[in-house]
Amino acid sequence: QVQLVESGGGLVQAGESLRLSCTASTSAFSIDLMGWYREAPGKLRELVATITWSGSSNYADSVKGRFTISRDNAKDTIYLQMNSLQPDDTAVYYCAVPPFFWGQGTQVTVSS
């Protein structure tokens, strides 16, 4: 069992930045793939970005060039740096060890 705890969400204006953090309850050395997903009102949950233990990353087209996923295995933590936020980025963001373990989610709201 892996517990994931997210933090860092909030309310920002368009063009601003936020950084999300997610800490795992077990050693990150035992987890290869981790990622961030988001779910907007009325929409399906979608992939934002994933990262492997070695640091290989993958992004949704909608966030490429604006979001950066990173990982600190020594701290069992992954991050999502979100720049140039837009109202369409408004969603609940979930940290995951896909497909089995999910965090509780953190709300990100971007006002225009």
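Given the structure is predicted, the values throughout are model-derived calculations rather than measurements.
Taken to the nearest 0.5 Å, the CG atom of Asp72 stands 11.5 Å off from the CD1 atom of Ile78. Summarising the geometry, atom OG1 belonging to Thr50 is positioned 4.5 Å from atom CG belonging to Asn58; distances are rounded to the nearest 0.5 Å. Atoms OG and CD1, from Ser56 and Ile69 in turn, are 11.5 Å apart once rounded to the nearest 0.5 Å. Separation of atoms CD (Glu46) and CD (Glu39) is listed at 9.5 Å; rounding is to 0.5 Å.
In the hydrophobic clustering of this structure, Phe100 groups with Ile31; members are Ile, Leu, Val, Met, Phe, Trp, Tyr whose side-chain heavy atoms approach within less than 4.5 Å, directly or through other members.
Apart from Val92 itself, the hydrophobic cluster it occupies contains Tyr37, Leu47, Tyr94, Trp102, where clustering links Ile, Leu, Val, Met, Phe, Trp and Tyr at side-chain heavy-atom distances under 4.5 Å. Cluster partners of Val5: none. The rule joins Ile, Leu, Val, Met, Phe, Trp and Tyr whenever side-chain heavy atoms lie under 4.5 Å apart, and it links nothing here. Here Leu44 sits alone; no ILVMFWY side chain lies under 4.5 Å from its own, so it joins no hydrophobic cluster.
Only one option out of Val63, Leu20, Val110, Asp89 pairs with Met82 in a side-chain contact (heavy atoms from CB on, under 4.5 Å); it is Leu20.
In plain terms, the two heavy atoms of Ser112 and Pro87 that are nearest each other are CB-CG, 3.8 Å. Residue Pro98 comes nearest to Gly35 through the heavy atom pair CD-N, 4.4 Å, listed as atom of the first residue, atom of the second, then distance. When all heavy atoms are compared, the tightest approach of Tyr93 to Val48 is CE2-CG2, 4.1 Å. Taking each heavy atom of Cys22 and Leu4 in turn, the nearest pair found is SG-CB, 3.9 Å. Nearest heavy atom pair, residue Thr52 against residue Arg71, reads C-NH1, 3.2 Å. Scanning both residues, Ser21 and Thr77, for their nearest heavy atoms gives CB-CG2, 4.5 Å.
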side-chain contact (heavy atoms from CB on, under 4.5 Å) for Leu18 and Phe67? Distances and angles first, verdict last. CA-CA 10 Å; Leu18 279 174; Phe67 292 10; over 6 Å; no

Pair Thr23, Asp76 - check side chain to side chain donor-acceptor pair (under 3.5 Å), show working. CA-CA 6 Å; Thr23 299; Asp76 305 326; over 6 Å; no

Any chance you could lay out the side-chain contact (heavy atoms from CB on, under 4.5 Å) test for Thr90 and Gln107, step after step, and finish with the verdict? CA-CA 8 Å; Thr90 295; Gln107 177 70 47; 4.0 Å; yes

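Looking at Glu6, its side chain does come within 3.5 Å of a backbone N or O of Cys95 through a donor-acceptor pair. Here the side chain of Gln86 pairs no donor or acceptor atom with the backbone of Ala14 at under 3.5 angstrom. With hydrogens and angles disregarded, no donor-acceptor distance shorter than 3.5 Å links the side chain of Tyr79 to the backbone of Thr68.
The environment of CD in Gln3 is sparse: at most 12 heavy-atom neighbours from other residues, nucleotides or ligands sit within 6.0 Å.
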